[in-house]
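Okay, structure first, notes after.
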Amino acid sequence: MHDIRAIRDDRDAFVAGLTRRHMANAAALADDLVARDKELRALQTRLQEAQARRNEASKLIGRAKAQKDDNQAEALMIEVAGLKDEIAKGEERERTLQAELRDVLANIPNLPASDVPDGADEAANVEVISRRWGAAPGMNAPKEHFELGEQLGLMDFERATKVSGARFVYLKGALARLERALCSFMLDLHTEQFGYTEIAPPILVREQAMFGTNQLPKFAEESFRTTTDYWLIPTAEVPLTNYVREEILEEAILPLRFTAGTPCFRAEAGAAGKDTRGMIRMHQFSKVELVSIVTPENSQAEHERMTDCAQEVLKRLGLHHRVVTLCTGDIGFGAQKTYDIEVWLPGQNRFREISSCSNCGEFQARRMNARYRPKAEKSLRYVHTLNGSGLATGRTLVAILENYQQADGSIAVPDALRPYMGGIEKIAK
RNA sequence: GGAUGGGUGGCCGAGUGGUUUAAGGCACCGGUCUUGAAAACCGGCGGGCUCGCGAGGGUCCCGUGAGUUCGAAUCUCACCCCAUCCGCCA
């Protein structure tokens, strides 16, 4: 959510930022917002004057009545009646304007940070060369993960279709355990090495929470809603970030770092035909999420740190990967800047997204009304929020299958996971 | 699902129609005192909008909205949320 004052004070920067995001009508939008804001404030001033006079007159009425001056009281009451009418109309218009302004603002994406590259789509994302790690394993005719999983008899899409339809899967035996092992491994790493606090959050949330982390109102069709108006979280970012909603935090407790391993649910509307085979794009998947709540001056450094934490998971699993800075055309609605981590999938012979780490600045904090009390200042400020996958567990499982596949179709278990897999070194038929 | 109670500032809490410009306390900040600290005492201490170069002023906000009234935290209605008890249940 944008600050209307910031738009008013620097309309050009706002327009420039949205234009970089390829919003065609940014200038017209800004003019519209500024005009509505101007009307609203002019109205508020008039309204306040009328209210002040009404209050004054009301006091005089009380006094006149006390002095038994009925003529005076009556004259004042007639005046107040007129003011009352004016005030009622003004208040209604004020509410309408405020609601409209809020609706428009709620649907405007965050502005890209200055160092985000320009570009139309993912083809223009820019690799962060210094973050590239490892090398693609040499392999003869590598298989895709679903072939491997199905041949092992441990990944069953057909039965899942029978029960739940497309984009669901049954994992069995060692693969089911592998997913659990990955989740434990990642949570242990983030809590023990990087200072994150493990959270087991609600995964059904209210509408306001979904608004706070900007899944709503714009992306309603991408999430599932229950008949009792709860939303199934599309990511643990929602409950972890909203943890501080409507709060005023002491600066001393920042940064807050939370991690959670949860199922995530996505309707994948508009993804018809994409990644229809295998576990890449599911209606339900598990993910270990990282969320940081920080002061504004620390959010950029935290973004780098969080990306380091996510990358460390891949390093310990020995998985080749690269990091790209998303360009202005590919960045998410609420993000100022995003790093995607892409893992190498030999079966697909390409990099695929396995984590996305975003700095949202104060964009979500405004929506949630999450503030802190700076030590050095009197006034309150909005916190900055960051979120990142650390990592998408389902896709990590895919990456392990494809990168650790053996010629005979078995899967070697990476060293780091063996303690979590009861010591087994290989998943075979 | 049934019944009841309740939503007041960072927190607790008083307040049932006009000296509430929201008492009081806690926390926090500054000061006095002290070798230092604590205690005590003094002062400060919410947010939105707006007017003003500034000092400062105005106005709105007691869950949300709609009413009653010259005037509403206070009365009425609707909605949202929270809590407790009973029933059912992992």
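Below, chains carry the letters A, B, ... as their sequence lines are ordered, and counting in each starts from 1.
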Review point. In terms of heavy-atom contacts, does OH of Tyr243(A) have more than 12 from other residues, nucleotides or ligands at under 6.0 Å?
Key: no

Review point. Would you call Asp275(A) and Arg352(A) a salt bridge, using N to O less than 4.0 angstrom?
Key: yes

Practice item. Using atom CD of Glu250(A) as one end and atom C1' of C11(B) as the other, report the distance to the nearest whole Å. Key: 11 Å

Exercise for review: With P as the reference atom in both, quote the distance from A72(B) to G31(B) in angstrom, rounded to an integer.
Suggested key: 43 Å

Check your understanding: Just how far, in rounded Å, is P of C11(B) from CG of Leu249(A)?
Key -> 12 Å

**Study point:** Distance in angstrom units between Ile253(A) CD1 and C28(B) P, rounded
**Key:** 15 Å

Practice item. In whole angstrom, give the distance that lies between atom CD of Glu247(A) and atom C1' of G46(B). Key: 16 Å

Study note, to complete from the structure: Testing G10(B), C49(B), G47(B) for proximity to the side chain of Arg5(A), the answer is C49(B)

Check your understanding: If you measure from the C1' atom in G58(B) to the same atom in U4(B), how many Å do you get, rounded?
Key -> 44 Å

Practice item. For A38(B) versus U20(B), give the span between their P atoms, rounded off to a whole number of Å. Key: 35 Å

Exercise for review: Using a heavy-atom cut-off of under 4.0 Å over every strand shown, decide if Arg8(A) touches base, sugar-phosphate, or nothing.
Suggested key: sugar-phosphate

Point to revise | Nucleotide paired to A27(B) in any strand shown, Watson-Crick or G-U, under 3.5 Å | key: none

Review point. Who is the Watson-Crick or G-U wobble partner of U59(B), with both distances under 3.5 Å?
Key: G48(B)

Point to revise | C1' spacing across the pair G6(B) / A73(B), given as an integer number of angstrom | key: 15 Å

Check your understanding: Salt bridge or not for Arg316(A) and Glu312(A), using N-O below 4.0 Å?
Key -> yes

Review point. Are Glu297(A) and Arg381(A) ion-paired here, with the side-chain N under 4.0 Å from a carboxylate O?
Key: yes

Point to revise | Verdict with reasoning, Thr213(A) to Glu237(A), per side-chain hydrogen bond (donor to acceptor under 3.5 Å, both in side chains) | key: CA-CA 8 Å; Thr213(A) 35; Glu237(A) 169 197 348; 4.9 Å; no

Review point. Using a cut-off of less than 4.0 Å, is there contact between a side-chain N or O of Arg373(A) and OP1 or OP2 of C45(B)?
Key: no

**Study point:** Whole-Å distance separating the CD atom of Glu246(A) from the C1' atom of U64(B)
**Key:** 13 Å

Revision key, fill the gap. In whole angstroms, the gap separating P of U59(B) from CG of Leu43(A) amounts to 17 Å

Point to revise | Base-pairing mate for U34(B) - Watson-Crick or G-U, with both contacts under 3.5 Å | key: none

Review point. Would you say Glu207(A) has more than 12 foreign heavy atoms packed within less than 6.0 Å of its CD?
Key: no

Review point. Starting at the 5' end of RNA chain B and moving along, which residue's nearest nucleotide shows up first, Gln208(A) or Asp3(A)?
Key: Asp3(A)

**Study point:** Nucleic acid contacts - residues 197-206 of chain A versus RNA chain B, non-hydrogen atoms under 4.0 Å
**Key:** Arg206(A)

Review point. RNA chain B: Arg371(A) or Asp37(A), which has the more 5' nearest nucleotide?
Key: Arg371(A)

Exercise for review: Rounded to whole angstrom, note down the P distance from U64(B) over to C60(B).
Suggested key: 15 Å

Revision key, fill the gap. G1(B) -> Watson-Crick or G-U wobble partner, both distances under 3.5 Å, gives C86(B)

Exercise for review: Return the value, rounded to whole Å, for the distance between atom CG of Leu40(A) and atom P of C60(B).
Suggested key: 16 Å

Exercise for review: Quote, to the nearest angstrom, the C1' distance that separates C11(B) from C28(B).
Suggested key: 11 Å

Review point. If we take the C1' atom in both G25(B) and U34(B), what is their distance in whole Å?
Key: 27 Å

Exercise for review: Using atom CG of Leu380(A) as one end and atom C1' of G48(B) as the other, report the distance to the nearest whole Å.
Suggested key: 12 Å

Practice item. Decide, yes or no, whether a salt bridge links Glu268(A) with Arg167(A) under the criterion of side-chain N to carboxylate O below 4.0 Å. Key: no

Practice item. Would you verify whether the NZ or CZ of Arg367(A) falls within 45 degrees of the ring axis of Phe211(A) while also being under 6.0 Å from that six-membered ring's centre? Key: yes

Check your understanding: Distance between the C1' atoms of C82(B) and U32(B), in whole angstroms?
Key -> 45 Å

Review point. Are Asp308(A) and Arg305(A) within salt-bridge range, i.e. N to O under 4.0 Å?
Key: no

